[in-house]
**Student:** 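One structure coming up, written as structure tokens, with questions to follow.
Along the sequence shown, the residues carry numbers beginning at 1. Just so you know, ligand 1 is whichever comes first in the structure, and atom 1 is the first atom listed for that ligand. Below, each value reflects all heavy atoms present in this structure, side chains not excepted, and no hydrogens, waters or symmetry copies.
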Amino acid sequence: MTEYRRLRVALLGAGAVGSQVAALLLRHGDELADRAGAELELAGIAVRNLDAPRDVDLPKELFTTDAESLILGSDIVIELIGGIEPARTNILQAIGSGADVVTANKALLATHGPELFEAADRVGASVYYEAAAAGAIPIIRPLRDSLAGDRVVRIMGIVNGTTNYILDRMDTEGADFGDVLADAQRLGYAEADPTADVEGYDAAQKAAILASLAFHTAVPLEAVHREGITSITASMIEEARAAGFVIKLLAVCERIEANGAESISVRVYPALVPQSHPLANVHGANNAVFVEAEAAGSLMFYGAGAGGVQTASAVLGDVVSAARRHIAGGVGVGESTRANLPVVPIGHVTTRYQITLQVADAAGVLATVAGILSDGGVSVATVVQTVEGESEPTARLIIGTHRATEEALSATVDALAGSAVVERVVSVLRVEGE
Ligand code: HSE
């Protein structure tokens, strides 16, 4: 049997993910040692409350409330507390004491990532965070290592399971947002306060993390344009289906080249995705990340975006990488911000749109609508009209546009809404993935 050096691993937090990480570390010790080239000793688990119930039975003697002492004696620190403090301070303490860090903390990385990476760089330590975006799905390592020699052009991700679950059920059952949300809360898919998920905050944090890595740029969370799914109705989903689309909450991270200058766009919003696109077939609470790279072409990463044991799998993979690096020494994994590309404001982003209007069914209406679009510089690609009612018929116009800037589109939609021939702007949705 190979004799391995022993590394001390500190675990901070024993919630849904932390308790599973501890269980896997204890259960798979031999396999982990062979992969890591080191015996990984779970030195302790720091928690706030020693008596809190845990998802798994773990040896009582491992628990402590003294996070700082545990950190200072460890080679690898796994931070699974979540939130900003004390997680930030604990990670800085770990880096300062020469440990490598593994974290799943998307909120912390999206807001304080550069501070942590710079602190790690100064002392040659590394911060691993595979579990911070899209749970069990390996996406950070592919972006950082596997695609290191390539150039990522675009990432489109379904990175929030709760909203995908809600939209998918609305699509398959024709149900309303509120009813499915209530059901999702009852079943434990959605939190009692669902704001972070349904308003796109969770997806925006993950988008900031993915874009920073993919484009060698520190993307601040404030630069991510964010819209949630609360305005999506059952009839919008039905109309989307009739037109060959599904509605998905997407995190889009895109490289933009114009006039010889490069910039990026990072945005989260519900969008129409063609039914033939692989992302359209991501069902339930699953996540998927579709990556387009110059040399590799299109790649898709799919799986569980949340869940204690699923996320623990990604954490353990990072622990093995951290252990190998801790033994080998040398430079850390490095978070390059060498490009530091500007993030363009949403108004400058171009996409295709689908605009649905309720209009009077009378002579000249179509011409007026076409005139407003033309005045706004928005070019029409497709028009579908349906008519309802006999004595006072109203028409529904579904207009597909060519690519237009958000600025031009939103001014045009305002003009349409103010026009006497338009009874109602029913919906405006971007089209992605064509
Ligand atoms: N609340 C997230 C989701 C999981 O629904 O995907 C944690 O990021």
**Student:** Can you name the atoms of ligand 1, numbered from 1 with element, that are less than 4.0 Å from a heavy atom of Ala306?
**Tutor:** 4 (C)
**Student:** For atom 5 (O) of ligand 1, what's the nearest protein heavy atom and its distance?
**Tutor:** Thr162 OG1, 2.5 Å
**Student:** Just checking, is any N or O donor in the side chain of His277 or Gln275 under 3.5 Å from an acceptor N or O on the other one?
**Tutor:** no
**Student:** Is Lys206 in polar range of ligand 1, meaning some N or O pair under 3.5 Å apart?
**Tutor:** yes
**Student:** Could you name the option among Asp197, Asp202, Asn287 that has the heavy atom nearest to atom 1 (N) of ligand 1?
**Tutor:** Asp197
**Student:** With a heavy-atom distance limit of 4.0 Å, tell me whether Lys106 approaches ligand 1 through its side chain, its backbone, both, or neither.
**Tutor:** side chain
**Student:** Check this for me, if you would: do Arg186 and Glu191 make a salt bridge, where the nitrogen-to-carboxylate-oxygen distance has to be below 4.0 angstrom?
**Tutor:** no
**Student:** Checking side-chain polar atoms at under 3.5 Å, does Ser263 have a donor or acceptor matched by the opposite partner on Arg255?
**Tutor:** no
**Student:** With heavy atoms of Gly161 as the reference, note each atom of ligand 1 found under 4.0 Å away.
**Tutor:** 3 (C), 5 (O), 6 (O)
**Student:** Decide if the gap between the ring center of Tyr302 and the ring center of Phe290 is smaller than 6.0 angstrom.
**Tutor:** no
**Student:** Minimum distance, heavy atoms only, to atom 3 (C) of ligand 1: which one of Val17, Asn160, Val159 is it?
**Tutor:** Asn160
**Student:** Would you please say whether a donor-acceptor pair under 3.5 Å links the side chains of Thr405 and His348?
**Tutor:** no
**Student:** Is there a salt bridge (Lys or Arg N to Asp or Glu O under 4.0 Å) between Asp75 and Arg6? Walk through the geometry before answering.
**Tutor:** CA-CA 9 Å; Asp75 302 296; Arg6 178 176 286 220; over 6 Å; no
